[in-house]
Amino acid sequence: MAKIVIQGGCPLEGTVRVSGAKNAVLPILAASLLAEHGVSQIEEVPHLLDVENMANTVAALGAKIDWKGTTVRVDARSLYSVTPPAELVRRMRASFVVAGPLLARFGEAMIALPGGCNIGPRPVDLHIKGLEALGATSVVENGFVHLRAPRGGLHGARIYLDVPSVGATQNIMMAATLAKGQTIIENAAKEPENVDLANYLNAMGARVRGAGTDIIRIDGVDTLSGATHAVIPDRIEAGTFLVAAALIGRGVYVENALSHHLMSLIAKLEEAGATIEDRVDGIKVWPCPSGRMRPLDVKTHYYPSYPTDMQAQIVAALTVAQGTSMVTETVFENRFMHVAELQRMGANIHIEGRTAVIDGVARLSGARVTATDLRAGAALVIAGLIAEGETEVHGLHHLDRGYDNLVAKFKRLGAAIERFEDIGQSAKSVG
Ligand code: EPZ
């Protein structure tokens, strides 16, 4: 069992570089399955459990993967399966976005239903509905959904998404690249990761327009080829460092972060009293003068509104704000599990419906806490950085899914933070 141990109170200072975006790499690796010709080269790929999982999923379908440093080459010219291993899909629901590429290229896909996770039931009904609109049939049996394209292949359609689902937009967009005619996705998800995916698809020879707006048009083509693409920076990793630095910094430069992907968060940090400076290839942040944030009212929603993936981190920060804050989670049904862990550290939070009411306290105290999901883990690390005394964070398999070298990066900023892996009887520090 690994754990992170933090001595709180050390001010953060210096420069930290953000890695490539997990939530862009995952669909981009899946999209590589569409390439009948040539080899894809994906750059700025972070070393994360989720990315390994997607690479294994794509490899299990027959693609050849060559991963060196932060570059992954994918040769998908000769695939031999349309059924990714169920345990990989169940381990990471994002694997479900291989459905669109397989269906479009081979007319068939057989995918385990991913099921829910800690933060909510997370259905895939909109994915399936969208693929059916392109002409596919779907049969759910033995925990799998079996999708089949009509004899002549998929055809274009006008699809209105009831919810601007990130994953459903990705699956439909990828499937539509090889469908006959034009597809229009209305109320599409506008996340930067979807724009990055569309840019990669267009580099492969697709004709996708309007990504980043709520209407995406895709004109189908006959075939796609491998392409080279550098993935955008991870805005949620960047946001995590911005929140920590706004709380306990002495001026931190978050390199490779794009402020136009983080407008809603930057606005909230400025409202709380931090100073944010936008630079050519990064963002500089200075903490709130008193070291304590002003209280905030935050509501998560779909991009470009405040991201749900930054909800836990801001809740942790507001536990020591000067007054009462309200944080409302509108995207996922069950994304406040970090609250109970923060209460162990002395936070004064109560939940009313989908709102966390946070009465700021003078200080948190270190404790043994456990991450319940990826972003909850990041929130507990932030709480440990500001708490008095020692905090032990457990449940690191959640953090490892989405943060690349988090401990080393905070250490470089001056945090007193160590990671320990249990090796045999003793726990050994691994930096
Ligand atoms: C993506 O998940 C991200 N994951 C999530 O980040 C992020 O929280 C989420 O988008 C919202 O921004 C990846 O990109 C890999 P959705 P996704 O489909 O695509 C409902 C992280 O921390 N819905 O946009 O699964 C759903 O239940 C992760 O990095 C349906 O009802 O999210 C949810 O309430 C966590 N039917 C809402 O839509 C569907 O078919 C948004 O989900 C699909 C979704």
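In listed order, ligands and their atoms are each counted from 1. Just so you know, these numbers use all the heavy atoms, side chains as well, and skip hydrogens, waters and symmetry mates.
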Is any side-chain heavy atom of [X] closer than 4.5 Å to a side-chain heavy atom of [Y]?
{"X": "I119", "Y": "L374", "answer": "no"}
{"X": "R91", "Y": "L88", "answer": "yes"}
{"X": "V72", "Y": "D66", "answer": "no"}

For [atom], grab the closest protein heavy atom and report residue, atom and distance to one decimal in Å.
{"atom": "atom 5 (C) of ligand 1", "answer": "D309 OD2, 3.7 Å"}
{"atom": "atom 3 (C) of ligand 1", "answer": "N23 ND2, 3.8 Å"}
{"atom": "atom 25 (O) of ligand 1", "answer": "R122 NH2, 2.9 Å"}
{"atom": "atom 37 (C) of ligand 1", "answer": "Y302 OH, 3.9 Å"}
{"atom": "atom 41 (C) of ligand 1", "answer": "V331 CG1, 3.8 Å"}

Inset, instruction - Check K22, R375, R335 against D309 for a side-chain hydrogen bond (donor to acceptor under 3.5 Å, both in side chains) and give me the one that passes. - result: R335
Nearest candidate to [atom], where distance is taken over non-hydrogen atoms, out of [options]:
{"atom": "atom 38 (O) of ligand 1", "options": "V163, N194, V25", "answer": "V163"}
{"atom": "atom 23 (N) of ligand 1", "options": "G130, A168, P123, A24", "answer": "P123"}
{"atom": "atom 11 (C) of ligand 1", "options": "L26, T308, T330", "answer": "T308"}

Pick one of side chain, backbone, both or neither for how [X] approaches ligand 1, counting any non-hydrogen atom pair under 4.0 Å.
{"X": "R93", "result": "side chain"}
{"X": "K22", "result": "side chain"}
{"X": "S165", "result": "both"}
{"X": "V166", "result": "both"}
{"X": "K129", "result": "neither"}
{"X": "R375", "result": "side chain"}
{"X": "L126", "result": "both"}
{"X": "D125", "result": "both"}

Inset, instruction - Count the heavy atoms of every other residue, nucleotide or ligand shown that sit under 6.0 Å from CZ of R279, and state whether that count exceeds 12. - result: yes
Inset, instruction - Might you confirm whether atom CD of E141 has over 12 heavy atoms from other residues, nucleotides or ligands at distances under 6.0 Å? - result: no
Legend entry - D359 backbone acceptor or donor facing T324 side chain under 3.5 Å: no
Inset, instruction - To the nearest 0.5 angstrom, please state how far the CG atom of L33 sits from the OG atom of S40. - result: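 Result: 9.5 Å between the selected atoms.
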Please identify which atoms of ligand 1 are closer than 4.0 Å to at least one heavy atom of [X].
{"X": "A94", "result": "15 (C)"}
{"X": "G167", "result": "18 (O), 19 (O)"}
{"X": "R335", "result": "8 (O), 22 (O), 35 (C)"}

Inset, instruction - Write down the atom of L201, the atom of A31, and the distance for their closest heavy-atom approach. - result: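 Distance-wise, the nearest heavy atoms are CD2-CB, 3.9 Å.
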Inset, instruction - State, to 0.1 Å, how close A188 and T213 come at their nearest heavy-atom pair, and which atoms those are. - result: CB-O, 4.1 Å
Legend entry - Mutual orientation of the aromatic rings belonging to F96 and H127 [parallel < 30°, tilted 30-60°, perpendicular > 60°]: perpendicular
Legend entry - Criterion side-chain contact (heavy atoms from CB on, under 4.5 Å) against L399, the qualifying member of L48, V381, L380: V381
